[in-house]
Trainee: 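Have a look at this one before I ask anything.
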Amino acid sequence: MAHNLPALLYVVAGILFILALRGLSSPESSRQGNRFGMIGMGIAVLTTLFLLENKGFGTWFFILLAVAAGAAPGVYIARRIPMTAMPQLVAAFHSLVGMAAVFVAWAAFLAPGAFNIGEPGDIYLPSVVEMSLGVAIGAITFSGSVIAFLKLDGRMSGKPIILPFRHAINLGLALFIVLMIGMLMTWEQSPTTFMLMTLAAFALGFLIIIPIGGADMPVVISMLNSYSGWAAAGIGFTLENMALIITGALVGSSGAILSYIMCKGMNRGFISVILGGFGGEEAAPGGVEERPVKQGSAEDAAFVMKNAGKVIIVPGYGFAVAQAQHSLKEMADKLKAEGVEVKYAVHPVAGRMPGHMNVLLAEAQVPYDEVFELEDINAEFHTADVAFVVGANDVTNPAAKTDKTSPIYGMPILDVEFAGTVLFVKRSMASGYAGVQNELFFRDNTMMLFGDAKKMCEEIVKAL
């Protein structure tokens, strides 16, 4: 029984991870889902430590030192990081998962006897495949996540960086990695071969992500999430750790499904995103038109919304950058006190990561029953007196439905144009990440409110 106990506990941990994913599928059950995940991870870690019961003091010392080295900065970052910076934090953590897979694979390759997978130069064939896939996917995840972090954090331009012959180079690197794996399996298990494969994978991850623009970042985040899971699963087989296999498979498959959902929400093909992407921080040449717009003030917006029957709020990335969630919630509370019906409409790819807007609204304690996804609320814009758009652009652009030459054509959008009045909060007339001017700015029923989203909401609250 004692021999089977670790396997049983790993299965329990796996079930809790599945329940965690189930809970995270809805805002109402997300806290419970997080608890399931925390308990499951606690069981998995303690079970792994239990398997080391016969190890000496030195082993325990280094394990506890490693745990402390990871836990201390983790606690510090979790307490200090603002919710608006969550996308780049997720990308950074994905990079750590990838690098961990690389380190474990190299440890197994250099000291296979410690893992019971053979001897140096004579590692069992299945283990060679497992660690090769683990190190390749892990390295791609690491370098790709680093580039994603730099773009999301503004340390690198969000514009696509298009390299000449990039598709041929990427294909060549992928074939080279496959060739190195084949050599390890059939010819010589040389550290040089393993190193060349690792370096090629690092380069491939860098080259895959660098041409992808800001508009495709939600897909990139979920894609890297999937990669990190498959890397962990591959290393789980090398370590013969059931919990790691289960967790990696769950993360890998759920990340792949989420990538598909994100692509569907953008009317984008997954392969087309990986092969190039679109979108940058600046408008395309000639993208900003010199046309008159109706410009209003916070007092104008307050008067219009105070006399409305229904207001639908549409948050976007500008809302996140300005950290306007709390002032927006205060504004909504003021309107509800005046008898106005207030709802929030969230596009599936608004912001820089899946669920970005939902997280920010939850932080401001916006009631879950007031937040609706695109397909659930789009029809209500026809009956809304006001659509209050805060920093969203591409996800409200009618060109997605009318202009077949537009890079966002076919992407499902929020139909804010059908509201009685559209109030647009933006810093300027600059286009969104797709580099396309929003025709809605120039409509008769649109009023532009230029300025920082947080300050504008605060001014509207004062006016109310």
Side-chain angles (χ1 to χ4, degrees), residues 2-11 13-14 44-45 47-63 65-66 96-143 173-205 227-252:
H3 177 72
N4 296 324
L5 183 59
L8 177 61
L9 291 174
Y10 281 147
V11 171
V45 170
T47 302
T48 303
L49 294 177
F50 171 76
L51 294 174
L52 300 173
E53 58 182 354
N54 295 323
K55 301 295 182 180
F57 172 78
T59 300
W60 281 100
F61 173 77
F62 284 113
I63 288 174
L65 183 64
L96 297 179
V97 175
M99 185 54 77
V102 172
F103 283 156
V104 172
W106 265 98
F109 184 82
L110 296 174
F115 296 82
N116 298 318
I117 57 174
E119 298 297 329
D122 188 25
I123 301 172
Y124 303 147
L125 184 61
S127 297
V128 171
V129 176
E130 294 159 6
M131 69 176 63
S132 297
L133 291 176
V135 77
I137 299 173
I140 291 171
T141 302
F142 173 78
S143 55
L173 284 172
L175 292 176
F176 180 78
I177 292 171
V178 173
L179 176 63
M180 293 298 100
I181 295 176
M183 290 179 62
L184 290 168
M185 293 171 58
T186 60
W187 188 36
E188 181 184 9
Q189 295 175 2
S190 165
T192 302
T193 303
F194 204 67
M195 175 59 74
L196 289 173
M197 179 183 66
T198 305
L199 294 176
F202 278 130
L204 183 59
Y227 286 0
S228 67
W230 296 126
I235 295 303
F237 282 102
T238 300
L239 299 177
E240 296 184 350
N241 187 299
M242 187 186 300
L244 199 54
I245 296 171
I246 294 173
T247 306
L250 286 172
V251 173

Trainee: What pair of heavy atoms forms the shortest contact from Ala233 to Ala249, and how long is it?
Mentor: CB-N, 3.9 Å
Trainee: Is the closest side-chain heavy-atom distance between Phe109 and Leu184 below 4.5 Å?
Mentor: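 A side-chain contact exists here, since the closest heavy-atom pair is under 4.5 Å.
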Trainee: Sequence neighbours excluded, which residues qualify as side-chain contact (heavy atoms from CB on, under 4.5 Å) partners of Ala243?
Mentor: Tyr10, Ala44, Asn241
Trainee: Got a list of side-chain donor-acceptor pairs under 3.5 Å for residues 114-139, not counting sequence neighbours?
Mentor:
from   : atom 1 : to     : atom 2 : distance (Å)
Glu130 : OE1    : Thr238 : N      : 3.4
Ser132 : OG     : Val128 : O      : 2.6

Trainee: If I take atom CG from residue Leu5 and atom CZ from residue Phe50, how far apart are they, to the nearest 0.5 angstrom?
Mentor: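 Going from the CG atom of Leu5 to the CZ atom of Phe50 covers 6.0 Å.
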Trainee: Let me confirm one number: the CD1-CD1 distance from Ile177 to Ile140, rounded to the nearest 0.5 Å.
Mentor: 5.0 Å
Trainee: Can you tell me how far apart OG (Ser228) and CE (Met99) are? Round to the nearest 0.5 Å.
Mentor: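 One gets 14.0 Å once the value is rounded to the nearest 0.5 Å.
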Trainee: Restricting to non-hydrogen atoms, name the atom on Ile235 and the atom on Ala105 that form the minimum distance, rounded to 0.1 Å.
Mentor: CD1-CB, 3.7 Å
Trainee: Cut-off 3.5 Å, no hydrogens considered: what does the side-chain donor-acceptor table look like for residues 192-204, sequence neighbours left out?
Mentor:
from   : atom 1 : to     : atom 2 : distance (Å)
Thr198 : OG1    : Trp106 : NE1    : 3.2
Thr198 : OG1    : Phe194 : O      : 2.8

